[in-house]
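Every heavy atom of this structure was used, including side-chain atoms; hydrogens, water molecules and symmetry mates were not. From a predicted model like this one, the values you see are computed outputs, not experimental measurements.
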Amino acid sequence: MDIDELLNKLVMEVAEWPTGSGCDPELPKDCFWMHSVNREPRVITPDGGLIYKQHWLQRRRELINEPDDSDAPDWAEWVFQQPSGYWVYSLLEPNIDDRVECFALPGFGPDLKFSYGAIGIIPAGHDWRKTLRRVKKNFESVYALSPEHSHNLNVNYDMSIGPEKERVCLSINVEIDEACREQISSMIDRLGKAQDYIERAKDLLAGVSSE
């Protein structure tokens with residue numbers, strides 16, 4: 001077994017790198033843990049090579065293979081990893097189906113919108129249940145009902161605060177029901193508070209400048 005194969009084996013079998021204060025994880029034959037004062041434990045390979053914690057962490061990231069959000073479809077709001085290793089983009093937030101031990105794809109009809117992204121591996125200590133997160137975008141989008149649905153809601157806002165740039169934008173295409181109206185009202189309320197903060201900051205800056 002060469003050092004690359006050994007590193008893969010460590011990632012798949014060692015859930016947590018030892019600290020040196022407890023029991024060390026078991027290693028393949030002819031490999032052993034090396035401990036030194038004020039240094040993290042490292043693995044000595046049969047040919048005298050060294051594997052450090054940073055090597056183990058880097059290989060974990062490579063095998064998990066979490067995709068970059070720049071690769072996400074424009075409509076994607078959520079990304080998560082299934083126990084099979086596949087990363088999935090979804091329009092709606094999924095829930096875990098305990099019966100089959102995986103994320104259940106949410107929605108139906110036009111709301112059932114998802115696509116597969118990168119494929120990775122589930123190493124020791126990596127919990128696919130905790131991989132669900134929002135897709136990071138240059139703006140925050142609020143999705144209430146699918147654009148393909150008879151209720152058409154599309155709300156996007158972008159707020160940037162800087163020395164020379166204060167902006168709050170809201171655009172709405174309206175053909176909605178009461179539930180959507182409540183969500184829009186809540187959003188407008190939050191945007192109004194944000195605008196108030198901007199105005200207060202501008203007043204404070206103006207007061208400092210005048211002094």
Residues in ring-ring contact (aromatic ring centres under 6.0 Å, His included) with Tyr89, at least two apart? none
Qualifying side chain to side chain donor-acceptor pair (under 3.5 Å) pairs, either residue in residues 117-131, two or more places apart: Gln81-His126, Glu101-Arg129, Asp127-Arg129
Using modelled atom types and a 3.5 Å cut-off, is there a donor and acceptor pairing between side-chain atoms of Trp87 and backbone atoms of Ile64? yes
Provide the closest heavy-atom pair for Glu66 versus Arg133 in the form atom of the first, atom of the second, distance. OE2-NE, 2.8 Å
Output yes when a side-chain donor or acceptor of Glu40 lies under 3.5 Å from a complementary backbone atom of Thr19, and no otherwise. no
Linking Ile, Leu, Val, Met, Phe, Trp and Tyr through side-chain heavy atoms less than 4.5 Å apart, which residues share a cluster with Ile44? Phe32, Met34, Leu50, Tyr52
Counting distance only, does the side-chain N/O of Asp97 pair as donor-acceptor with the main-chain N or O of Cys102 below 3.5 Å? no
Beyond-backbone contact of Val88 with Gln82, side-chain heavy atoms, under 4.5 angstrom: yes
CG of Asp68 to NZ of Lys136: how many Å apart, nearest 0.5 Å? 9.5 Å
Would you say Val100 and Phe114 are hydrophobically clustered, going by side-chain heavy atoms of ILVMFWY under 4.5 Å? no
What is the minimum heavy-atom distance between Gly49 and Asp47, and which atoms define it? N-OD1, 3.2 Å
I need the Tyr86 OH to Tyr116 OH distance, nearest 0.5 Å. 8.0 Å
Tell me whether the NZ or CZ atom of Arg134 lies within the 45° cone about the ring axis of Trp78 and under 6.0 Å from its centre. yes
For Glu93 and Leu132: C-alpha separation, side-chain torsions, deciding distance, then whether side chain to side chain contact (heavy atoms under 4.5 Å, CB included) applies. CA-CA 9 Å; Glu93 181 178 4; Leu132 176 65; 4.1 Å; yes
Looking at every heavy atom in both Asp24 and His35, which two are closest together, and how far apart are they? OD2-NE2, 2.7 Å
Closest approach of Trp33 and Pro25, non-hydrogen atoms and distance? NE1-O, 2.7 Å
Partner of Val135 under side chain to side chain contact (heavy atoms under 4.5 Å, CB included), picked from Asp71, Asp74, Asp69, is Asp69
Counting only pairs under 3.5 Å, give me each side-chain donor-acceptor contact of residues 3-12, with atom names and distances, residues two or more places apart or in other chains.
| from | atom 1 | to | atom 2 | distance (Å) |
| --- | --- | --- | --- | --- |
| Asp4 | OD1 | Arg59 | NH1 | 3.1 |
| Asp4 | OD1 | Arg59 | NH2 | 2.8 |
| Glu5 | OE1 | Asp2 | N | 3.1 |
| Asn8 | OD1 | Arg59 | NH1 | 2.7 |
| Lys9 | NZ | Glu13 | OE2 | 2.6 |

In this structure, CG of Leu92 is separated from CD of Glu77 (nearest 0.5 Å) by 9.0 Å
Step by step, work out the side-chain hydrogen bond (donor to acceptor under 3.5 Å, both in side chains) result for Gln58 and Gln54. CA-CA 6 Å; Gln58 178 61 32; Gln54 59 264 34; over 6 Å; no
Do you know which two heavy atoms are closest between Arg60 and Ala124, and how far apart they sit? NH1-O, 2.6 Å
Hits for salt bridge (charged side-chain N to carboxylate O under 4.0 Å, His left out) against Arg39, two or more places apart or cross-chain, chain-then-number order -> none
Partners meeting ring-ring contact (aromatic ring centres under 6.0 Å, His included) with Trp56 (sequence neighbours left out): Trp17
